[in-house]
Chemist: 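This structure is in structure tokens; I'll ask about it shortly.
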Amino acid sequence: MSPFFSKRRVSFVSGALLCASLVSACSAREPSQGVARGELRPQAVATTESAPAEESRALMAPPSPPPPSTPVAAPAARKRRDATAAQAPAPEYESAVAAGAPAPSDSLMAAEPPEMRRAAPVKEGKAMSALAMGGAAAPMPVQQPMEKSKQELADDKSAEGGNTFETYKAHAFTETAKDNLSTFAADVDTASYSMARRYLQQGQLPPTQAVRVEEFVNYFKYRYTPPEDGAFTVHLEGAPSPFNARRQFVRVGVQGKVVSRSQRKPAHLVFLVDTSGSMASSDKLPLAIESIKVAVKNLNENDTVALVTYAGSTRDVLPPTPATDVKKIHAALDTLVAGGGTAMGSGMETAYKHAVKKAAAGVVSRVVVLTDGDANIGPNLSPKAMLASVQKYVSEGVTLTTVGFGMGNYHDSLMEQLADKGNGNSFYVDSMKEARKVFETQLTGTLEVIAKDVKFQVEFSPKAVSRYRLMGYENRDIADNDFRDDKVDAGEIGAGHTVTALYEVELTGEAPQELATVRIRAKAPNGTEAKEQAFPLTRANLKPSMEAASQDFRFAVAVAATADILRAAPAAEGWSLATTQKLAEGAVGGDSDRTEFVRLIGQARALTTASARGR
């Protein structure tokens, strides 16, 4: 080839490469130019939400095609009337932050009508571009990636910086004449509230699907009178709604008997600690280690502790050791470092094998999992598969507590479902303050289960109540005809626990004194047959005004209503955070957690107002 043609060819190739790079650069910048911030918001039905802005910047990565969505495991069986209406989890959306666009904020949805807050789910294998999230373009197909190792897929998920939640459809009003029974299981989890608090403290409204009303309400302590005899007492109260003059709020409150630290049974705790690479940040493994130290400090001399870790493999770090041997336990904890994949299923089975050795009628045996919930390698990756492998240990009396840490790739749905299936409860720890609350009071103070498979059934009188709806507990629904089936699993109540549920009801205006009958069915801790109690809800339980109601009632209503507003529940359309804040302010009673809640409502109002003004 002549020098002339050789030079021309080099010039042509160079020019082509230059043009291609310019086109690529323009395309990469295009979503962040000429697109309103409101067009980049995440849709409310997405199961993966971007991390708060501060952590999103730390997790920012170059744009790359997202992997296909992985549906979250299906929730437990729904009540029959909701079975057809249950909403399946939507696929993950592509994070606008990861794509180089400004960090999206859920607060941008606050001023929109409910019909504008939902988007049709994207089919598996598709992804939403930054433009498509705002409705400016349809979802664009992406090329399916080549098959990767499980570790590579885990790295991809971490790079997306998304937290995974499961979407539950809020209860709608039910006409009493068509169905007068409302049946659900007890729930004492609090993880949802702690997670939402972290979002708000970092300047974001929590994702709508991260908000579970019952976990907001049950985060707080209520001054219910403890039982003089039996496992628990029931407290019923109602008052007119501050949002709708035609409606009433009704509360069902349960107080478990209190067992002092010196009176409770000896406990054997197996701490199962995630030491995978995703746990490296300061709000994960280091905080988990300090949390365990808090728990050990509050155990009794007859209690024992074991320590198992899992990452790429499972490791027995500490055999059963007396809780009084603090030096040995701390030394074992201080050896833990983060690194490797996450073989959570294998770790669970190992921990349960240790726990079942100590399980007996006179001993509390519990597995406590501390993790961000990111299970990505090894067998038994789903909650169903994990629990299936250890079901025989659960049936022998071993309970499970899941404690979540960190943001960015937190798998809330996995943690909540594991606790549900493992006859335990789920917490989320975002600070040392919360660690002390969970590991001093909620874990070590309530280790002893006083009632298991606790079910509630409220039978409304069609003559007195025209419509009703249960606020929250969507993932705890039980079929009405399973209420007296003692083989159907339900929730557990620990010593000192309170369980609160609220209904919104519309009365018929007729005169019957009895509005409803509240039934509670539960088994003794080691029993197989449940006992049932019934309590009448009458007009005497209804106060003439919200101001006349008890302080605890008013605060519980404020919390439940705030949660319904934050999750954009259709029945709460038109409700105001200003009203819930005022209601909560008048029911603080010097409690520090309640005072903090009032501040959080103020932050939520500010974020909502800023969004409505387009700032």
Side-chain angles (χ1 to χ4, degrees), residues 75-79 181-190 212-215 217-219 221-222 224-227 229-236 251-259 264 364 366 394-395 397-402 416-427 442 445-459 470-503 516-535 537 556:
R78 299 284 193 270
K79 183 175 177 179
L181 294 176
S182 171
T183 311
F184 62 97
D187 188 1
V188 295
D189 295 348
T190 63
R212 292 186 288 274
V213 176
E214 67 278 10
E215 295 185 29
V217 173
N218 288 319
Y219 181 86
K221 280 290 184 182
Y222 302 98
Y224 300 145
T225 304
D229 187 31
F232 45 76
T233 55
V234 176
H235 301 264
L236 305 175
R251 182 199 66 190
V252 178
V254 173
Q255 171 68 60
K257 70 177 180 180
V258 178
V259 178
R264 71 164 171 78
V364 175
R366 179 172 298 204
V394 175
S395 62
V398 179
T399 54
L400 174 68
T401 292
T402 62
E416 192 271 337
Q417 289 178 47
L418 282 175
D420 183 14
K421 295 176 184 292
N423 287 351
N425 36 41
S426 178
F427 304 108
Q442 292 175 293
T446 56
L447 275 172
E448 190 164 339
V449 173
I450 60 171
K452 68 178 184 180
D453 290 336
V454 183
K455 302 173 188 172
F456 293 79
Q457 186 171 80
V458 181
E459 182 179 359
L470 174 61
M471 301 176 73
Y473 290 92
E474 287 83 8
N475 61 336
R476 295 287 183 163
D477 272 345
I478 294 177
D480 294 333
N481 56 5
D482 285 340
F483 177 66
R484 294 187 175 91
D485 185 346
D486 293 342
K487 295 179 182 178
V488 174
D489 184 53
E492 281 63 47
I493 296 180
H497 274 161
T498 60
V499 181
T500 301
L502 287 115
Y503 284 88
T517 300
V518 179
R519 297 185 179 88
I520 301 179
R521 192 172 177 84
K523 301 174 187 173
N526 299 308
T528 55
E529 293 186 9
K531 293 184 178 179
E532 185 175 320
Q533 294 176 278
F535 307 87
L537 173 67

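In what follows, every heavy atom counts, from backbone to side chain, and hydrogens, waters and symmetry copies are set aside. Note that the structure is predicted; figures quoted are calculated from it, not measured. Along the sequence shown, the residues carry numbers beginning at 1.
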Chemist: Return the minimal non-hydrogen interatomic distance between G256 and F232, and the atom names on each side.
Modeler: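 Looking at all heavy atoms of both residues, the shortest contact is CA-CB, 4.0 Å.
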Chemist: Hey, what do you get for OH (Y224) to CZ (R251), rounding to the nearest 0.5 Å?
Modeler: 4.0 Å
Chemist: Please report the interatomic distance OG1(T183) to CD(E459), rounded to the nearest 0.5 Å.
Modeler: 9.5 Å
Chemist: For V188, does its backbone N or O pair with a side-chain atom of N425 as donor and acceptor, under 3.5 Å?
Modeler: no
Chemist: Please report the interatomic distance CG(N475) to CD(E214), rounded to the nearest 0.5 Å.
Modeler: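 CD of E214 is found 5.5 Å from CG of N475.
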Chemist: Using the test salt bridge (Lys or Arg N to Asp or Glu O under 4.0 Å), find all partners of R366 that sit at least two apart in sequence or belong to another chain.
Modeler: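 Scan of R366 (salt bridge (Lys or Arg N to Asp or Glu O under 4.0 Å), adjacent residues dropped) gives none.
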Chemist: F535 pairs by side chain to side chain contact (heavy atoms under 4.5 Å, CB included) with which of T517, L236, T233?
Modeler: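 Considering T517, L236, T233, a side chain to side chain contact (heavy atoms under 4.5 Å, CB included) with F535 is found only for L236.
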Chemist: Please round to the nearest 0.5 Å and tell me the distance separating atom CD of Q457 and atom CD1 of I478.
Modeler: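 Separation between the atoms: 9.5 Å.
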Chemist: Before you tell me yes or no, could you show the steps for D486 and T528 under side-chain contact (heavy atoms from CB on, under 4.5 Å), namely the whole-Å CA-CA distance, both residues' side-chain angles and the distance that decides it to 0.1 Å?
Modeler: CA-CA 7 Å; D486 293 342; T528 55; over 6 Å; no
Chemist: By salt bridge (Lys or Arg N to Asp or Glu O under 4.0 Å), which residues pair with E416, not counting sequence neighbours?
Modeler: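 For E416 there are no salt bridge (Lys or Arg N to Asp or Glu O under 4.0 Å) partners, ignoring immediate neighbours.
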Chemist: Pairing donors with acceptors under 3.5 angstrom, does anything connect the side chains of T399 and N423?
Modeler: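 Side chains of T399 and N423: no pair found under 3.5 Å.
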Chemist: Between CG of N218 and OG1 of T500, what distance do you get to the nearest 0.5 Å?
Modeler: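 Reported to 0.5 Å precision, the distance equals 5.5 Å.
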Chemist: Not counting sequence neighbours, which residues clear side chain to side chain contact (heavy atoms under 4.5 Å, CB included) with T190? List them please.
Modeler: Y219, F427, Q442
Chemist: Check ring-ring contact (aromatic ring centres under 6.0 Å, His included) between F184 and all other residues, then give those that pass, not counting sequence neighbours.
Modeler: F456, Y473
Chemist: Please list, chain by chain and in numerical order, all residues satisfying side chain to side chain contact (heavy atoms under 4.5 Å, CB included) with P226, sequence neighbours excluded.
Modeler: Q255
Chemist: Please list every donor-acceptor pair under 3.5 Å in which a side-chain atom of residues 487-499 meets a protein atom from a residue at least two apart or in another chain.
Modeler:
{"residue": "E492", "atom": "OE2", "partner": "D453", "partner atom": "N", "Å": "3.1"}
{"residue": "H497", "atom": "ND1", "partner": "G494", "partner atom": "N", "Å": "2.8"}
{"residue": "H497", "atom": "NE2", "partner": "T446", "partner atom": "OG1", "Å": "3.4"}

Chemist: Decide yes or no on side-chain contact (heavy atoms from CB on, under 4.5 Å) for V364 and R264, but give the supporting numbers first.
Modeler: CA-CA 9 Å; V364 175; R264 71 164 171 78; 5.9 Å; no
Chemist: Are the side chain of D189 and the backbone of E215 linked by a donor-acceptor contact shorter than 3.5 Å?
Modeler: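 Side chain of D189 to backbone of E215: no pair is present.
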Chemist: Would you check if the side chain of T402 reaches a backbone N or O of A419 as a donor-acceptor pair within less than 3.5 Å?
Modeler: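 Answer holds: no.
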Chemist: List for me each residue that meets salt bridge (Lys or Arg N to Asp or Glu O under 4.0 Å) alongside E532, sequence neighbours excluded, and say none if there are none.
Modeler: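 R484, R519, R521.
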Chemist: Restricting to non-hydrogen atoms, name the atom on A556 and the atom on V217 that form the minimum distance, rounded to 0.1 Å.
Modeler: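 Closest approach of A556 to V217, heavy atoms only: O-CG2, 4.2 Å.
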Chemist: Evaluate whether atom NZ of K221 has more than 12 neighbouring non-hydrogen atoms of other residues, nucleotides or ligands under 6.0 angstrom away.
Modeler: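 Counting other residues, nucleotides and ligands, NZ of K221 exceeds 12 neighbours.
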Chemist: Say you draw a straight line from CG of L470 to CZ of R476; how long is it, rounded to the nearest 0.5 Å?
Modeler: 12.5 Å
